[in-house]
Amino acid sequence: MRKDQDLLEPLLPPYIRELNEPQQEAVLSLIGPVLMLAGAGTGKTKALTARFVHLLKTGSAHPNEIFAVTFTNKAAFEMKNRVGDLLGRNVEGFKWLGTFHSVCARFLRKHAELAGLEPNFTILDTDDQLRIFKQLIQAENIDEKNWPARLLASTIDNWKNRAFTPENLPMSENDKYDGLGRSLYAQYQDRLTRLNACDFGDLLLKVVTLLQANKDLLQRYQKLFKYILVDEYQDTNVVQYLLLRLLAAGHQNICCVGDDDQSIYGWRGAEVGNILRFESDFKDAKIIRLEQNYRSTEYILAAATGVISANKNRLGKTLWTSSKGGERVRLIGHWDGGEEAIWISDEIEAMQVGTRGLRKYNLSEVSILVRASHQMRAFEDRFLKTGLPYRVIGGPRFYERLEVRDAIAYFRLLVSSRDDLAFDRIINTPKRGLGDSAQQKIRENSRVADKSLLDGARECLLSNKISGKGATQLRLLLDTLDRLRKMYIQGTISHIEMAEQILEESGYTRMWMSLQDKTPDAGGRLENLKELIKGLEEFENMEGFLEHIALVMENSTDNEVEKVSIMTLHAAKGLEFPAVFLPGWEDGLFPSQRSMDESGVKGLEEERRLAYVGITRAEELCTISFVGSRQVYGQWQSAIPSRFIDNIPVEYIENLTLPGLYGYQLDERINQDIDNAATLSDDIQSRAAMADVYQSPGWRRLQNSKKTHKDPKVEIKSSITDAEILSGRFLVDDKVFHQKFGYGVILALDGGNADVFFEKAGEKKLRAPIEKYLILADSLDEL
DNA sequence: AGCCTCCTAATTTTT
DNA sequence: TTAGGAGGCT
């Protein structure tokens, strides 16, 4: 092999020459099924784009004969950029290079009539969906308390992910949502069709259904798409998988790139099985492993490898790097979340000028990756206090803001008069004196005549069902909509002018202006509206803009100022940073208890992959931290270090924990015949004598005690029973001592929880098992 | 229609 | 603890 490569080398174009051997193989194997197993940081995007370009350069396919899909807009954007760079030309015209959803939307608009839709159908977001579900649920007289709309939404979404239509929904799913799921699903789909709308799931499902039902159509596209490229294959769900199988069925020229170790979206329908099964799905598939990591140092990679090796269910890869050594993964424990945030904040400050013999780091080189978004708060609080610039990635989005959604509803109504949801949203915003009763009449009218709400409203005016002030206002609105729509279609006004005028003439901007001295955020909202209009300039027409915002919900990122990034581990996939902080590595938080409870070993393995993703984001410096007690929903809970820490080989860890502070457990000390009371009441400092905590007996004990942890399969439960608690370790009015809060008195006991009043810290709610961190003050005296 | 109070639930989230 | 929703009251 090496020889052939050497011979070929001078002939290879530069975009291939610069690849390593397996990457080259992945690019050059154009014919037949290829699975590229690309570990973290192994240059898969580089290989994927090179392959795309190679297909064009060799004349194997025209741009529009390659079906190339990614999951996120970010990934699609990057791929387009890189392909464009390599080709030295604009790539915008490449029709089938994009996200699954955008590519399917394109397909569906082209063949809308086959799916019973008009080509200008609306793509609904979750908010729209939820409102429809609520209406349906109300109509069915279902108690929303017990059967929330969100549950129905997720049930149906789940079905769509698995390619279940109301018609082919298996009987085994019948009992979902109180046995009404199927019927509500069917009603929902009817409703969508009548609205000339699709939800996200439909974009994919409808394409698959169309292709399955129309042999001709399928053959046409099988022929058109000579090559198929798929990014992040481990994240594909059933529908996506079916779509790919359908399209590739003929020539089998399908190249999927993925990493089973980075599959972290099982909870939203991704099937790791798809990647594990590739070989049996596609005969004679070529499996290529990209294992050379270009991102992280040797030690970071070794630590990550240690963690992921604990998973049983994986194809297996061995990442390696030519870089040697590096900083060991730093591990540090703290008392609680507040101190953890303070330490990390201080450390980042110090890193900017250089600390602990490390190089200097810019803020933008540093990120904090958390398991759950509520963890971000402690950091935001701290950073706001110290004035450290930070940026939260994946926060609330521009297009989800109230005023932006309102404005978009106006736009939608201009483009598609059948968009009842949009009508609903803006009919009385701003107030037009069209309250419940008027809207009821409009709805009634539309239903009877089987017309859109807009036409129903028109009808109400003609037949004088609505009168007075409301009628005048309604007439004004309808006339404005009609006039602007007409002018837009005729080309008299641009989509931008249309947008400006509808917001102006409908009174929408005026509404916010008049609110300006009443609500503090009105100014910001007007700003957002301006920004929205400005955003329109990038599009040729309103339809294109609406498509964009439906599919691309991204917020504009400001990159001017140096900032620390805070985000969830999920949001961090695909990113890399020189320095990464991974706080909250405690059992129950990470791995998340819920994940383990709900999905057992499968859930635990996905959590571990998340840990792997986290560590592999770091290029040079990775710092993991955990706390002894954390406030969860206002109650203090004791915690032990995450079991994932056990998976990191000790030789790659540097422990920064102050002696005595790590996963410090009071009960452990009790068991261990504490030398004297001073150790307890006073301080940690007395334990400072112990040099390396990680090697200390205490640490080992912690490890041993953790070994008794059962796998989730066997169920993880508190070993403390109510009976034990009642049997009276604690009673109301007992004087107690807490490791952090000091002395206090028990005010109330309930189940295993306790309300305690502390001399210094005031009243606290402590959650079971309280004996983990409370001790009777009397027993202290005894010691 | 808007404000207030009570209740409940609480990972991850792209498209 | 807190945020968001529902339901009630003015």
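A note on names: the letters A, B, ... follow the listed sequences, proteins ahead of strands, and every chain is numbered from 1.
In this structure, A/Gln129 atom CD and B/dT13 atom P are separated by 18 Å, rounded to whole Å. A/Glu144 places its CD atom 6 Å from the P atom of C/dA6, with the value rounded to the nearest Å. B/dT15 atom C1' lies 9 Å from atom CD of A/Gln240, rounded to whole Å. Across the protein-nucleic acid pair, A/Leu130 atom CG and C/dG5 atom C1' stand 12 Å apart, rounded to whole Å. Atom CG in A/Asp231 sits roughly 16 Å away from atom P in B/dT14 (whole-Å rounding). If you measure from atom CE of A/Met567 to atom P of B/dT11, you get 20 Å, rounded to the nearest angstrom. The separation between A/Gln138 atom CD and C/dA6 atom P is 9 Å, rounded to whole Å. As rounded to whole Å, 21 Å separates atom P of C/dG5 from atom CH2 of A/Trp147.
Neither OP1 nor OP2 of B/dT12 sits under 4.0 Å from any side-chain N or O of A/Ser592. Contact annotation: A/Tyr265 does not reach the phosphate of B/dT15 (side-chain N/O to OP1 or OP2, under 4.0 Å). Between A/Asn237 and B/dT15 there is no side-chain N or O to OP1 or OP2 distance below 4.0 Å. The phosphate of C/dT1 (OP1 or OP2) has no side-chain N or O of A/Arg630 nearer than 4.0 angstrom. Contact between the side-chain N/O atoms of A/Asn73 and the OP1/OP2 oxygens of B/dT15 is found at a separation under 4.0 Å. The shortest distance between the side-chain N/O atoms of A/Ser373 and the OP1/OP2 oxygens of B/dT12 is below 4.0 Å. One finds no side-chain N or O of A/Lys145 lying less than 4.0 angstrom from the OP1 or OP2 phosphate oxygen of B/dT8.
Taking the side chain of A/Arg371 as heavy atoms from C-beta on, and the options B/dT15, C/dT1, B/dT12, the nearest nucleotide is B/dT12. Among the nucleotides B/dA1, C/dA6, B/dT13, the one closest to any side-chain atom of A/Lys431 is B/dA1. Picking from B/dT15, B/dT12, C/dA6 the nucleotide with the shortest atom distance to the side chain of A/Phe200 gives B/dT15. Relative to the side chain of A/Leu551, the nucleotides B/dT11, B/dT12, B/dT15 differ in distance, and B/dT15 lies closest. The nucleotide whose nearest atom lies closest to any side-chain atom of A/Lys134 is, among B/dT12, B/dT11, C/dA6, C/dA6. For A/Thr72, whose side chain is taken as the heavy atoms from C-beta onward, the closest listed nucleotide among B/dT13, C/dA6, B/dT15 is B/dT15. Proximity note for A/Ala571 (side chain, C-beta onward) versus B/dT13, C/dA6, B/dT11: the nearest is B/dT13.
Looking only at side-chain heavy atoms (C-beta outward), A/Phe200 and A/Ile123 come within less than 4.5 Å of each other. A 4.5 Å side-chain heavy-atom check between A/Leu192 and A/Asp202 finds at least one atom pair inside the cut-off. Contact annotation: the side chain of A/Asp259 never approaches that of A/Arg609 to less than 4.5 Å [non-hydrogen atoms, C-beta and beyond].
Under 3.5 Å, the side chains of A/Glu380 and A/Tyr390 contain a donor-acceptor pair of N or O atoms. For the residue pair A/Lys134 and A/Gln129, no side-chain donor N or O sits within less than 3.5 Å of a side-chain acceptor on the partner. The closest side-chain donor-acceptor pair between A/Thr429 and A/Asp406, if any, does not fall under 3.5 angstrom.
In this structure, A/Phe71 reaches the sugar-phosphate backbone alone: every heavy-atom distance under 4.0 Å involves primed, P, OP1 or OP2 atoms, never a base. A/Glu232 comes within contact range of no nucleotide atom at all, as no heavy-atom separation falls under 4.0 Å. A/Glu607 comes within contact range of at least one nucleobase, with a heavy-atom separation under 4.0 Å. Within 4.0 Å (heavy atoms only), A/Arg609 reaches no atom of the nucleic acid at all.
Stacking of the aromatic ring of A/Trp267 onto the base of B/dT12 is found: the ring centres lie under 5.5 Å apart and the planes are inclined by under 30°.
For A/Arg268 and B/dT12, a side-chain-to-base donor-acceptor distance below 3.5 Å is absent, hydrogens and geometry of angles not being considered.
The residue among A/Leu203 and A/Asn428 whose nearest nucleotide of DNA chain B lies closer to the 5′ end is A/Asn428. In terms of position on DNA chain B, the residue among A/Phe100 and A/Glu598 whose nearest nucleotide sits closer to the 5' end is A/Glu598.
Because its NZ or CZ atom is not both nearer than 6.0 Å to the ring centre of A/Phe644 and within 45° of the ring axis, A/Arg608 does not count as a cation-pi partner of that residue.
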